[in-house]
Structures are given as C-alpha cells and as structure tokens.
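Order of the sequence lines sets the chain letters (A, B, ...), proteins ahead of strands, with each chain counted from 1. None of these values were measured; they are calculated from a predicted model.
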Protein chains: 2
Amino acid sequence: MHSSLRNHIERVVDLSDQEFGYLLAHFEYADFGKGDLIFQKGEQVVRAYYIVSGLVKLIYHDENVNEHIVSFAMEDWWESDFNAFFNRSTANYTLKCLEATKAYYISIEGYEKICKEIPKIQPFWFQKAIGGFASSQRRILSLLTNSPKVKYEQFLKDYPTLSQRVSKTQIAAYLGVSRETLSRIYS
Amino acid sequence: MHSSLRNHIERVVDLSDQEFGYLLAHFEYADFGKGDLIFQKGEQVVRAYYIVSGLVKLIYHDENVNEHIVSFAMEDWWESDFNAFFNRSTANYTLKCLEATKAYYISIEGYEKICKEIPKIQPFWFQKAIGGFASSQRRILSLLTNSPKVKYEQFLKDYPTLSQRVSKTQIAAYLGVSRETLSRIYS
DNA sequence: GTTGGGTGGTGATTTGGATCACAATATGTC
DNA sequence: GACATATTGTGATCCAAATCACCACCCAAC
C-alpha cells in the first residue's frame with residue numbers, strides 16, 4: 001500500500017523511514033467506486049491524488065455540456081486540477097472514476113508543509129511538473145500535426161496498458177476524433 | 001538589463017543583492033538577429049533562455065518538413081526545449097527568432113548549482129513549470145474543443161500584445177488552422 | 001428472464017476547412 | 001529604383017471527418 005507511494009517517490013529522491021513516515025502522515029487514503037466524481041468543476045478544495053489502483057479521467061465540460069478529456073490517470077500516476085490545487089482556486093475540471101479507484105491524496109497545506117520540512121523532496125515534485133509539461137507539449141504537437149490514424153497509433157504506442165482499459169469512445173474523445181472515425185481506422 | 005530578470009524572479013521570491021549577483025554570474029547574455037536559430041533539433045547542449053527583448057518561436061519539423069509551432073515567447077518569458085534541457089538530451093525542437101532578440105541563458109549545470117546554493121529559488125522554477133503545464137492544458141482543450149474562429153478569438157484575448165507582433169501565417173500555424181481559413185474568419 | 005445503458009461497427013449524407021490558384025500589397029536589399 | 005520575398009485576401013474545388021441513423025452486442029440491475 002504505502003510501498004507503492006514510497007517506491008514511486010524514491011525513484012527520484014531517497015527517503016529514510018522517518019522521512020517517509022512524516023510525509024505519509026500528511027496524506028489520506030480514499031476508496032472510490034466506478035463512476036464516482038472525486039471532485040467537480042467549481043469546487044473549492046482541490047487535492048492532489050496519487051493513484052494506487054484504478055483509473056480516472058480529468059474532464060472539461062464546455063458550455064454545451066460536451067465532455068472533453070484533459071487526461072487519464074491510472075496506477076502510479078498523479079492527478080488533480082493542478083492549476084486549482086497550487087493556486088488554491090476553484091476547480092475548472094472534474095475528476096471522475098472510470099474504474100473503482102484507491103488513492104492517496106494531499107491538501108495544498110500538506111504539500112507546502114512537506115516541502116518545507118523535507119526540502120529534498122522538492123526535486124521530486126519539480127520532475128513531475130516538468131514531465132507533465134513535456135507530455136502536454138507532445139500532445140499539442142500530435143493534435144496539430146497528425147491524422148486521426150497516426151494519433152491513434154501514437155496513443156497505442158505511448159499508453160499500451162491504458163489503451164486496453166479505456167473504451168474506444170473515451171479514446172476518441174481524448175484524441176479529438178469522432179467515435180465513428182476512430183472505429184473506421186482499424187476496420 | 002539585469003533588473004528585468006531580477007524583477008521577474010522577485011515576483012516569486014525575494015533575493016538579496018548578493019544572492020542575485022551570485023545567480024546572475026551563472027547566466028550569459030546573448031544577442032540574436034531576426035531569423036537566427038538559437039538552437040536546432042538534434043543539438044546536444046540546450047540552454048534555457050530568459051528573453052529580455054524580442055520574440056522567438058519554438059518549432060517542430062515533422063518528417064515532411066512541415067513546421068509546427070510549439071510556442072512563442074517574448075519579453076519576460078522563458079523558453080527552451082525544457083525536456084531536453086532538464087534531461088540533458090538532444091533538442092527535439094528548434095528555437096528561431098522572429099525578431100532581433102536579447103536574452104540571458106543558463107546551462108543545466110548552472111541551473112543545478114543555483115538550486116543547490118540558493119534553494120529558496122526552487123519555488124520560482126516550480127511555479128514556472130506549473131504555469132507552463134497549466135497553459136499547455138488550456139491549449140489542448142482549445143485544440144480539442146474550439147472552432148477556428150473561437151481559437152483565434154481566445155488567442156487574441158490570451159495574448160493581445162503577442163497577436164499584434166506575429167504574422168497571421170504564424171498565428172494560423174500555432175492554432176492548427178490554415179492561413180486561408182484564418183483570413184476568412186475576420187473578413 | 002427482461003429491461004436498459006454503455007459500447008462498437010458501419011452505411012449514407014453533409015460540411016467545414018484544406019488545398020490550389022492567383023492577385024495585390026508590403027518589406028527588404030543590392 | 002528595381003527585383004526578390006514575405007504577407008494577406010479571396011475565389012473555386014475537393015475531401016476527410018463530422019454527423020446522422022441503425023443495428024448488434026454485452027452485462028448489470030431489477
């Protein structure tokens with residue numbers, strides 16, 4: 001259980017048992033059912049989630065209530081409306097479970113406390129942020145550049161496990177392609 | 001000259017004269033002409049640039065040598081192939097000047113040294129990273145969601161000054177819309 | 001069982017935007 | 001000044017993908 005989170009962090013920075021214990025004390029653990037909303041657009045308190053098991057999607061609803069997928073996240077990934085989280089503002093996105101999901105979560109206060117008390121963890125967060133930024137840029141380029149077919153192939157290549165757990169409908173929404181077009185690509 | 005960089009950083013963290021002096025010693029200053037390539041795809045040493053004046057674009061060339069615009073950057077913005085920079089890998093993108101540009105730049109070694117010697121600067125970098133990530137997500141949503149017209153309107157709203165300095169052709173490439181379509185939007 | 005929501009394949013039709021083509025200004029530079 | 005080069009507008013044509021419309025599943029809930 002914890003070991004998942006600990007291993008995850010220790011891929012970047014080493015922690016003593018004591019340090020990890022202190023860190024863990026700032027997290028809480030939650031269990032969500034399939035279809036649950038972890039947080040919704042407009043909510044005040046946004047937390048950052050480390051997913052132990054399960055699968056979630058971060059979505060944006062436009063004024064026509066169409067749903068757009070900002071990102072997926074599964075085991076060993078972090079997810080949140082990070083803009084809202086770090087700026088203590090209200091959520092712009094909604095986080096919904098596609099599968100039953102177990103996760104650790106932390107508040108912004110907890111996060112800041114940890115950074116202050118265990119400063120050596122800061123590079124860990126920074127690396128996550130850079131990774132997220134880089135993969136967003138990759139996705140932007142894919143959206144700008146690629147045909148639906150290539151977008152889909154790249155998705156399969158980049159996220160082989162994810163692509164087997166998410167419905168084609170969801171993948172289509174993520175790629176910005178209609179469900180029908182996606183279906184016709186590989187048939 | 002320096003004051004620009006100093007003000008920029010001090011919007012997030014306060015620095016003593018001594019600290020800023022130490023920091024500045026790790027930067028170099030460069031002057032580029034219009035059309036110059038600051039770095040190119042495939043290059044080994046990638047630096048991070050703080051732009052004092054001028055305007056640049058970060059571009060990606062696909063296999064058909066079509067040019068796609070990852071981002072623009074102007075005064076008071078940072079730019080680099082940050083993935084290459086932080087991972088010490090070769091550039092995936094090319095950075096080209098759209099105007100004559102003056103910039104401070106730093107190597108990854110310099111960056112790491114500063115972080116170590118003046119740890120209180122770390123939140124500054126982190127905030128930049130989060131900001132970049134959030135705006136990338138916004139752009140992804142815009143690409144997924146909006147019509148060319150709305151994309152353009154949002155661009156004008158988000159980057160009023162930038163939109164007056166960049167040619168329509170460049171804006172069209174940034175938005176993922178053809179030059180002709182963009183032209184027809186507002187005529 | 002049966003009802004119903006989610007999923008996925010596929011045909012027919014429509015359309016928004018790409019592409020092609022050309023003209024008219026700028027802008028630059030030798 | 002004159003010649004090349006970017007920039008923008010605009011018409012005509014084309015096509016890839018969206019949309020609309022059905023049907024066939026698969027499962028989960030009652």
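- At a threshold of 4.0 Å, the pair A:Lys102-A:Glu75 does not count as salt-bridged, since none of the basic side-chain nitrogens sits closer than that to a carboxylate oxygen.
- As rounded to whole Å, 13 Å separates atom P of D:dT10 from atom CD1 of B:Ile185.
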Checklist outcome for this item: Given protein heavy atoms under 4.0 Å, the one-letter contact record of nucleotides 5-11 of chain C, with B base, S sugar-phosphate only and - none, is simply --SBBBB
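- With rounding to whole Å, B:Leu98 atom CG is found 14 Å from C:dG28 atom P.
- If you measure from atom NZ of B:Lys34 to atom C1' of C:dG28, you get 9 Å, rounded to the nearest angstrom.
- Aromatic ring centres of B:His26 and B:Tyr105 lie farther apart than the 6.0 Å criterion allows.
- Judged by distance alone, the side chains of A:Lys41 and A:His61 never bring a donor and an acceptor atom under 3.5 Å apart.
- Here the P atom of nucleotide D:dT7 and the CD atom of B:Gln164 are 17 Å apart, to the nearest Å.
- A straight line from OH of B:Tyr152 to C1' of D:dT8 spans 12 Å, rounded to a whole angstrom.
- The distance between the ring centers of B:Phe126 and A:Phe86 falls below 6.0 angstrom.
- Seen from the ring of B:Tyr174, B:Arg139 counts as a face-on cation partner, given the 6.0 Å and 45° thresholds.
- Within residues 137-148 of chain A, no residue has any heavy atom under 4.0 Å from DNA chain C.
- The separation between B:Ile171 atom CD1 and D:dG9 atom P is 11 Å, rounded to whole Å.
- Of the N and O atoms on the side chains of B:Ser142 and B:Asn146, at least one donor lies less than 3.5 Å from an acceptor on the other residue.
- Using modelled atom types, one finds a donor on one side chain and an acceptor on the other under 3.5 Å when comparing B:Tyr50 with B:Asp76.
- One side chain, A:Ser71 or A:Glu79, offers a donor N or O that lies under 3.5 Å from an acceptor on the other.
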